[in-house]
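Read through the structure below, which is laid out as structure tokens, and then see the notes.
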Amino acid sequence: CSSDRESAAVYSLAVGAALGVSLLATRHGIEPAEAQLYNASQTWGSWNALAINDGFAEDEQEAAISIGAQFGGLAAGLGLWRTWRPSPGEVALANSGLLWGAVLSLYGHLLADDEPSMTTVVALGDVGLITGALIAHQVPMSRGRTLLIDLGGVLGTLAGGLISFSADDAQTAGGILFTTTAAGLVIAGIATRGWDVKAPGSMRVVPTRVGTPGAGASWGAAVAFDL
């Protein structure tokens, strides 16, 4: 686009067209987990386009790669929904795996005193995403528990940031941040392991009228279970 006005018009039309297509495609309704998966898949496509382009798109070819990666991610999401049918919690944990995989990779580079590359960070983020998806497939997971695990990671990062103020060098700070963040995620995961487990049904005694055909009825007691 040759001017800011043309750029704004193109962006507005693109956003409007995307919104229109989304509304048309979901006119009969869409499940929350399905919408989450499609959004996450497109984000994953954009995320990997950063590795292919070694950053944000700066020319037409790189822009085409970014757009194609988003469509590729959406296609992957469509296929996953038809074969996997994940719950909202499973999608959320996969997203969290991507986030914390990327964050921990940055802290790991800092610890190793190595300049992080976009390709490495994206690849380790993908490893985190796959790990989160595999864990969620084996362990019952809700969005609420995933948020609590994320909170553990945030608190671990904040604690590491406070401690690293007294660090002598960047490597030490990176090691502290990596350790406290990973510890926060693990502790939160363990502490919330019973979050999605249903409580056993309660038992109570209730009055009950009993009797037999042709005989008088009387009152008695019965045990009721709330499942």
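Computation of the quantities below employed the complete heavy-atom set of this structure, encompassing side-chain atoms and omitting hydrogens, waters and symmetry-equivalent molecules.
Here the CG-CD1 distance, from Leu50 to Ile65, works out to 11.5 Å after rounding to the nearest 0.5 Å. Taking CE of Met118 as the start and CG of Asn48 as the end, the distance is 11.5 Å to the nearest 0.5 Å. How far CG of Leu74 is from CD of Gln70: 9.5 Å, rounded to the nearest 0.5 Å. Taking OG1 of Thr146 as the start and CG of Leu151 as the end, the distance is 12.5 Å to the nearest 0.5 Å.
There is no path of hydrophobic side-chain contacts, each under 4.5 Å, that joins Ile52 to Phe71. When hydrophobic clusters are built by joining Ile, Leu, Val, Met, Phe, Trp and Tyr residues whose side-chain heavy atoms come closer than 4.5 Å, directly or via intermediates, Trp47 is not grouped with Ile67. Each of Leu155 and Ile176 belongs to its own hydrophobic cluster when Ile, Leu, Val, Met, Phe, Trp and Tyr are linked at side-chain heavy-atom distances under 4.5 angstrom. Under the 4.5 Å side-chain heavy-atom criterion for ILVMFWY residues, no single connected hydrophobic cluster contains both Leu162 and Leu158.
Gly144 and Trp195 make their closest contact through C-NE1, 3.9 Å (heavy atoms, listed as atom of the first residue, atom of the second, distance). Here the closest non-hydrogen pair linking Pro88 and Gln36 is CB-OE1, 3.0 Å. Considering all non-hydrogen atoms of both residues, Pro86 and Ala33 come closest at O-CB, 3.3 Å. Annotation for Leu110 and Ala170: closest pair CG-O, 3.4 Å, computed over non-hydrogen atoms. Closest of all the heavy-atom pairs between Ser41 and Gly77 is OG-CA, 3.1 Å. In this structure, Val121 and Pro116 approach most closely via the heavy-atom pair CG2-CB, 4.1 Å.
Proximity of a side-chain donor or acceptor of Arg193 to a complementary backbone N or O of Ile190 within less than 3.5 Å is detected. Between the side chain of Gln171 and the backbone N or O of Leu111 there is at least one donor-acceptor pair closer than 3.5 Å. Distance alone, capped at 3.5 Å, places no donor-acceptor pair between the Thr26 side chain and the Gly29 backbone. For the pair Ser164 (side chain) and Ala167 (backbone), a donor-acceptor distance under 3.5 Å is absent. Between the Arg85 side chain and the Trp81 main chain, a donor and an acceptor come within less than 3.5 Å of each other. Between the side chain of Thr192 and the backbone N or O of Ala188, at least one donor-acceptor pair lies under 3.5 Å. Judged by distance alone, with hydrogens and angles left aside, the side-chain atoms of Thr181 form no donor-acceptor pair with the main-chain N or O of Phe178 at under 3.5 Å.
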**Q.** Test side chain to side chain contact (heavy atoms under 4.5 Å, CB included) applied to Leu185 and Ile149, step by step
**A.** CA-CA 6 Å; Leu185 292 169; Ile149 294 173; 4.0 Å; yes

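In this structure, a donor-acceptor pair under 3.5 Å is present between the side chains of Tyr38 and Glu34. A donor-acceptor pair shorter than 3.5 Å can be found between the side chains of Ser66 and Asn53. Thr120 and Ser117 form a side-chain donor-acceptor contact under 3.5 Å, judged by distance and modelled atom types alone.
In this structure, Trp84 and Glu90 have side chains that are in contact, with non-hydrogen atoms separated by less than 4.5 Å. Side chains of Gln138 and Leu134 form no contact here, defined as non-hydrogen atoms less than 4.5 Å apart.
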For a quick test of your reading: what N or O donor-acceptor pairs under 3.5 Å do the side chains of residues 93-109 make, sequence neighbours left out?
{"from": "Asn95", "atom 1": "ND2", "to": "Val91", "atom 2": "O", "distance (Å)": "3.4"}
{"from": "Ser96", "atom 1": "OG", "to": "Ala92", "atom 2": "O", "distance (Å)": "3.1"}
{"from": "Ser96", "atom 1": "OG", "to": "Asp150", "atom 2": "OD1", "distance (Å)": "2.9"}
{"from": "Ser96", "atom 1": "OG", "to": "Asp150", "atom 2": "OD2", "distance (Å)": "2.9"}
{"from": "Trp100", "atom 1": "NE1", "to": "Asp150", "atom 2": "OD1", "distance (Å)": "3.0"}
{"from": "Ser105", "atom 1": "OG", "to": "Ala102", "atom 2": "O", "distance (Å)": "2.6"}
{"from": "His109", "atom 1": "ND1", "to": "Ser105", "atom 2": "O", "distance (Å)": "2.7"}

